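Quick notes on the structure that follows.
Everything numeric in this text was worked out from a predicted model, so none of it was measured. Below, chains carry the letters A, B, ... as their sequence lines are ordered, and counting in each starts from 1.
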2 protein chains.
Amino acid sequence: MHSDTHHESLKIPDEIRGLRMTRQRGEVYRILAEEKTHPTANEVFMRVKDRLPNVSLATIYNCLEALVQHGIVRQVNFDREPSRFCSNLADHGHFHDASTGVIHDIHFKPGVRLSDVLDLPDGALIDDVEITLRGRINSDS
Amino acid sequence: MHSDTHHESLKIPDEIRGLRMTRQRGEVYRILAEEKTHPTANEVFMRVKDRLPNVSLATIYNCLEALVQHGIVRQVNFDREPSRFCSNLADHGHFHDASTGVIHDIHFKPGVRLSDVLDLPDGALIDDVEITLRGRINSDS
DNA sequence: GATTAAAATTGGAATTGTTCTTGATAAAAT
DNA sequence: ATTTTATCAAGAACAATTCCAATTTTAATC
Ligand SMILES: [Mn+2]
Ligand SMILES: [Mn+2]
Ligand SMILES: [Zn+2]
Ligand SMILES: [Zn+2]
């Protein structure tokens, strides 16, 4: 057993993709990796404060931006609501269940390619796709 | 030839879907119907001012909200950028060409249904879909 | 290990798109 | 014509995010 003390643990390397993993960035990332609930910056802030009581909201924003910039987490927007963040790097979209508030990750069915489905302009090169669904889950049937 | 004087014209009824078509709402709608460029509220404001010099930005926002609420126009969001507005009521998504800034309407290929393509949770009832692409158009081939 | 340089963090102020509030206007109903 | 209701205008307020200057931390160099 090694010396430093943590709880459920989840090893985060000192550096990911050229981004130095500071204490604050590590804690922000941990929240997103542990909870797949797509929290807002402010929700991340509240959770990180439990471990780093002096952390500032500006730092949460800085960390989230750094993580997003380096492709370690993804930023998810629903309309004009506060941005949410997601550690699932697989290509996926989001379904917001209006009755529970839960946000579900949505994946393409196997073998589906965007260009098979959408009528894109000639020569269009897609850098980024965002698919956002709103609705509700009908428990019966 | 009828009495009231307008320029290129585009007849807008006194009421659409239960929404009273005031002068301001009509002008806002006209901009969106004439130009398919997905303008922001502020861009609509500048254009409407040419015809209604006393209109206020608050009124533009009020009108846009009323039109969106009544399903007459659609609100389109790219990340956290200012909302844009679209009079195309067909089911469609948006492709933002980063090199020109142009926003293209994107339609599904005929016969494609969302549930054929996405792996949705059991019992999911989709109220609304938003598809947003970013990229560029390669002019050669 | 001390010194210097670079990067990250903090707290608060500033920004920005949007919404709210309140009083004035205009339109509809009586 | 009077009353009621809806809309509009102007500016204040708001909330999420970004910016800024000062401090702290980390890394590099001596
Ligand atoms: Mn929370
Ligand atoms: Mn413009
Ligand atoms: Zn996700
Ligand atoms: Zn459109």
Can you find a side chain N or O atom of Y61(A) that sits less than 4.0 Å from OP1 or OP2 on dT17(D)? yes
Are T59(B) and dA9(D) close enough that a side-chain N or O sits under 4.0 Å from OP1 or OP2? yes
Separation of [X] atom [atom1] from [N] atom [atom2], in whole Å?
X: L57(A); N: dT17(D); atom1: CG; atom2: P; value: 9 Å
X: F45(B); N: dG11(D); atom1: CZ; atom2: C1'; value: 13 Å
X: E15(B); N: dA6(D); atom1: CD; atom2: P; value: 13 Å

Chain A contact limits on DNA chain C, taken 5' to 3' with a cut-off of 4.0 angstrom to heavy atoms: dA7(C) to dT18(C)
Strictly below 4.0 Å, heavy-atom distances to any atom of DNA chain C: list the hits from residues 17-27 of chain A, or just say none. R20(A), T22(A), Q24(A), R25(A)
Is there a residue in residues 76-89 of chain B whose heavy atoms reach under 4.0 Å of DNA chain C, and which residues are they? P82(B), S83(B)
Looking only at heavy atoms, which two atoms of [X] and [Y] are closest? And how far apart?
X: S83(B); Y: R80(A); value: OG-NE, 3.0 Å
X: L57(B); Y: A41(B); value: CD1-O, 4.3 Å
X: R134(A); Y: T132(A); value: NH2-CG2, 3.6 Å
X: G135(B); Y: F95(B); value: N-CE1, 3.6 Å
X: V55(B); Y: I60(B); value: CG2-CD1, 4.1 Å
X: F85(B); Y: Q75(B); value: CE2-CG, 3.8 Å

Partner residues of H94(A) under the ring pair (Phe, Tyr, Trp, His ring centres under 6.0 Å) criterion, sequence neighbours left out: H38(A), H92(A)
Kindly list each side-chain donor-acceptor pair under 3.5 angstrom involving residues 12-20 of chain B, sequence neighbours excluded, with atom names and distances?
residue: R17(B); atom: NH2; partner: G71(B); partner atom: O; Å: 3.4

Sorted by position of nearest nucleotide on DNA chain D, 5' first, the leading residue of T40(A) and N54(B) is N54(B)
Full working for side-chain hydrogen bond (donor to acceptor under 3.5 Å, both in side chains) between S99(A) and D97(A): CA-CA 6 Å; S99(A) 42; D97(A) 183 341; 2.6 Å; yes
Salt-bridged, E43(B) to R47(B), with N to O below 4.0 Å? no
Joint hydrophobic cluster, L118(A) plus I137(B), side-chain heavy atoms closer than 4.5 Å: yes
Which protein N or O atoms sit under 3.5 Å from an N or O of nucleotides 19-23 of chain D?
none

Are the side chain of T37(A) and the backbone of P39(A) linked by a donor-acceptor contact shorter than 3.5 Å? no
Would you call D127(B) and R136(A) a side-chain contact if the rule is heavy atoms closer than 4.5 Å? yes
